[in-house]
Amino acid sequence: MAFTPLHDRVLVRRVESEDKTKGGLIIPDTAKEKPAEGEIVAVGAGARDEDGDRIAMDVKVGDRILFGKWSGTEIKIDGEDLLIMKESDILGIITPSSAAAAA
């Protein structure tokens, strides 16, 4: 099924967190928090300003983002759990550092 968010909304797939800590301890499912990091799957066309002109979105499909713990609405599309949220709920875009990109 194809889904396109309207206005200034985005569709986000959560990025799963690690099952182990850096020290090697395994984290049980009951102790895990839902990750506040995700990848944008689809974006809307953007909100309109007072003159009726579109305001361009700052994010695009494929961007990795951080969002608030309680941001968005959980939905299920084709059996996959996704989030739909407003662009204003996004805290920032994660870009790979130049050191990580070189490695």
Side-chain angles (χ1 to χ4, degrees):
M1 168 190 324
F3 180 84
T4 304
L6 296 177
H7 309 294
D8 62 340
R9 289 182 174 75
V10 296
L11 188 64
V12 177
R13 176 184 301 118
R14 286 186 194 268
V15 175
E16 293 302 320
S17 58
E18 293 293 320
D19 292 340
K20 288 184 183 179
T21 64
K22 289 182 181 180
L25 297 174
I26 296 174
I27 303 168
D29 289 337
T30 56
K32 285 185 188 176
E33 287 191 19
K34 290 185 179 179
E37 184 178 332
E39 179 182 353
I40 296 191
V41 177
V43 296
R48 292 194 181 269
D49 64 10
E50 293 157 1
D51 296 331
D53 298 326
R54 289 263 183 213
I55 300 170
M57 299 283 279
D58 290 329
V59 295
K60 62 187 178 305
V61 173
D63 283 348
R64 287 183 67 106
I65 60 164
L66 287 177
F67 50 87
K69 188 174 187 176
W70 306 108
S71 297
T73 301
E74 293 182 355
I75 60 171
K76 188 172 276 207
I77 297 177
D78 292 336
E80 184 177 14
D81 290 326
L82 301 169
L83 286 169
I84 187 162
M85 66 181 69
K86 287 188 160 246
E87 184 184 27
S88 60
D89 291 340
I90 297 172
L91 303 175
I93 300 171
I94 301 171
T95 54
S97 64
S98 57

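Between Ile93 atom CD1 and Arg64 atom CZ the span is 13.0 Å, to the nearest 0.5 Å.
Of the options Ile65, Leu91, Leu66, a side-chain contact (heavy atoms from CB on, under 4.5 Å) to Glu37 is made by Leu66 and by none of the others.
Here side-chain hydrogen bond (donor to acceptor under 3.5 Å, both in side chains) pairs that include residues 4-13, with residues two or more places apart or in two chains, are Arg13-Glu80. Residue pairs that meet the salt bridge (Lys or Arg N to Asp or Glu O under 4.0 Å) test with at least one member in residues 50-62, sequence neighbours left out, are Lys60-Asp63.
For the pair Gly38 and Val15, the tightest heavy-atom approach, listed with the atom from each and the gap, is CA-CG2, 3.6 Å.
With sequence neighbours left out, Arg48 forms a side-chain hydrogen bond (donor to acceptor under 3.5 Å, both in side chains) with no residue at all. Remark: Asp89 engages Ser71, Met85, Lys86 in a side-chain contact (heavy atoms from CB on, under 4.5 Å) (not counting sequence neighbours). Residues that satisfy the salt bridge (charged side-chain N to carboxylate O under 4.0 Å, His left out) test with Asp81, not counting sequence neighbours, are Lys76.
The shortest distance between side-chain heavy atoms of Ile77 and Leu11 falls below 4.5 Å. No side-chain heavy atom of Ile90 sits under 4.5 Å from any side-chain heavy atom of Val12. No side-chain heavy atom of Leu82 sits less than 4.5 Å from a side-chain heavy atom of Phe3.
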request  = List the steps and the verdict of side-chain contact (heavy atoms from CB on, under 4.5 Å) for Phe67 and Leu83.
outcome  = CA-CA 11 Å; Phe67 50 87; Leu83 286 169; 3.6 Å; yes
